[in-house]
Amino acid sequence: MTGANRGIGAAIAQGLAERGMTVVVGARDAASGERTAQRLGGRAVPLDVTDDGSVRDAVAHVQQWYGRLDILVNNAGIAGGGVGQLAGDVDLAVMRTVFDTNLFGVVRLTEAFLPLLRKADGARVINVSSGTGSLTWQSDPGHAFASTGVALAYPASKAALNMLTVLYAKALAADGIAVNAVAPGATATDFTAALGLSLERTAEQGAAIAVHLATVPAGPTGVFLQDDGPVPW
Ligand SMILES: NC(=O)c1ccc[n+]([C@@H]2O[C@H](COP(=O)([O-])OP(=O)(O)OC[C@H]3O[C@@H](n4cnc5c(N)ncnc54)[C@H](OP(=O)(O)O)[C@@H]3O)[C@@H](O)[C@H]2O)c1
């Protein structure tokens, strides 16, 4: 899984390990990934989702160690900071950086791991999206997300990720691979702290829906879920 060394990703990794799964901790910082893997009894791979070579090496490691991948968790994500994202002042370089991680990173990982996912029996891909990527919620003046006046790049990248989830779910159904998106909810992590948010929700709580989708027997495909059920696209 990606971004497994801290925040919601570390909590997803922990939840999967507690349920008896062998977790491959993908982390940009090799030492931090190793520490997490040691704690969980898993293995670590250096992994930057924006780097083709890094992703290729990670695939080669998983191929060599296990010969297949049962679950791919695309968790790595960035907000892109507070500047260069507001309507009327958009910096395309910022937008490209956000899309490179949050969207193209997921395509890069999914495409690269597809041969190993196809070798598993009923593999699953879980895309960590966001409720801010819901077109329905963003266009509902009564919804909290519609009035936050947030930046363009991040929600747009997550909306595109949602579309990608639907398309991959359809495309990979014949391979028996389930592809779903989750909304962790506003969670206290470095990500939200950097945005100046003070939140109660723990990383474990934010991780719970991804852990559920990863482990529930005969899970769904092509859905967007939060703790209490579907999120409208
Ligand atoms: N927190 C929330 O309220 C919230 C709500 C909705 C959705 N989400 C989503 O949940 C996911 C995790 O967020 P978080 O709150 O746990 O954020 P976080 O604490 O900032 O952690 C982000 C993780 O992503 C990794 N990452 C960033 N860019 C990467 C790259 N290019 N390659 C590989 N890893 C990369 C980071 O690695 P480094 O340690 O190397 O930086 C870190 O492990 C994100 O997709 C985010 O959009 C979060």
Side-chain angles (χ1 to χ4, degrees), residues 2-3 7-9 12 49 73-107 109-110 125-173 178-189 191-201 203 205-210 212-213 219-233:
T2 68
I8 293 168
I12 295 171
V49 303
V73 183
N74 287 308
N75 163 77
I78 56 170
V83 290
Q85 287 203 47
L86 296 178
D89 188 28
V90 169
D91 180 341
L92 278 175
V94 171
M95 196 137 183
R96 283 196 189 94
T97 304
V98 172
F99 271 68
D100 202 15
T101 300
N102 297 2
L103 186 71
F104 304 138
V106 173
V107 178
L109 264 287
T110 306
V125 178
I126 296 164
N127 294 328
V128 180
S129 181
S130 164
T132 63
S134 163
L135 295 175
T136 308
W137 283 353
Q138 286 286 2
S139 52
D140 172 3
H143 196 279
F145 287 156
S147 56
T148 47
V150 281
L152 266 68
Y154 179 75
S157 73
K158 294 296 190 180
L161 175 60
N162 289 348
M163 175 61 86
L164 207 69
T165 302
V166 171
L167 297 176
Y168 267 127
K170 290 195 288 182
L172 300 181
V179 186
N180 295 297
V182 296
T187 302
T189 63
F191 180 104
T192 44
L195 296 172
L197 300 172
S198 174
L199 300 164
E200 298 279 309
R201 192 170 165 80
Q205 290 171 317
I209 187 63
H212 168 77
L213 262 179
T221 191
V223 299
F224 182 21
L225 293 184
Q226 62 179 2
D227 282 349
D228 60 359
V231 180
W233 298 105

Which heavy atom of [X] sits nearest a heavy atom of [Y], and at what distance?
X: F99; Y: A160; value: CE2-CB, 4.3 Å
X: K158; Y: G133; value: CB-CA, 3.9 Å
X: A188; Y: L199; value: CB-O, 3.5 Å
X: P220; Y: A178; value: O-CB, 3.5 Å
X: T221; Y: V179; value: OG1-N, 2.9 Å
X: V182; Y: P184; value: O-CD, 3.7 Å

Check the pair T192 / R201 against side-chain contact (heavy atoms from CB on, under 4.5 Å), numbers first and verdict last.
CA-CA 11 Å; T192 44; R201 192 170 165 80; over 6 Å; no
Just one of L161, L103, N127 clears the side-chain contact (heavy atoms from CB on, under 4.5 Å) bar with N74, so which one?
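Exactly one candidate clears the test, N127.
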Mark yes or no for whether [X], through its side chain, and [Y], through its backbone, hold a donor-acceptor pair below 3.5 Å.
X: N180; Y: I126; value: no
X: Q205; Y: D227; value: no
X: Q226; Y: A183; value: no
X: S134; Y: P232; value: yes

Suppose we screen for side chain to side chain contact (heavy atoms under 4.5 Å, CB included). Which residues come up paired with A181, at least two apart in sequence or across chains?
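A181: side chain to side chain contact (heavy atoms under 4.5 Å, CB included) contacts with S129, N162, T165, F224.
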Can you list the residues that meet the side chain to side chain contact (heavy atoms under 4.5 Å, CB included) rule with A203, with sequence neighbours excluded?
A11
Supply the atom-to-atom distance [X] [atom1] to [Y] [atom2], rounded to the nearest 0.5 angstrom.
X: T110; Y: L164; atom1: OG1; atom2: CG; answer: 7.0 Å
X: D91; Y: T97; atom1: CG; atom2: OG1; answer: 8.0 Å
X: L135; Y: D140; atom1: CG; atom2: CG; answer: 12.5 Å

W233/V166 under side-chain contact (heavy atoms from CB on, under 4.5 Å): CA gap, chis, key distance, verdict
CA-CA 10 Å; W233 298 105; V166 171; 3.7 Å; yes
Under the side-chain contact (heavy atoms from CB on, under 4.5 Å) rule, what do V106 and V49 come out as? Steps first, then yes or no, please.
CA-CA 7 Å; V106 173; V49 303; over 6 Å; no
Would you call V128 and I12 a side-chain contact if the rule is heavy atoms closer than 4.5 Å?
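Yes, their side chains come closer than 4.5 Å.
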Between the side chains of T187 and T189, is a donor N or O closer than 3.5 angstrom to an acceptor N or O?
no
Mind checking whether F145 and W137 have parallel, tilted or perpendicular rings, split at 30° and 60°?
tilted
Please test Y154 against S130 for side-chain contact (heavy atoms from CB on, under 4.5 Å), starting from the C-alpha separation and ending with a verdict.
CA-CA 9 Å; Y154 179 75; S130 164; 3.6 Å; yes
Please say which of D100, T101, N102 ends up in a side chain to side chain donor-acceptor pair (under 3.5 Å) with S157.
N102
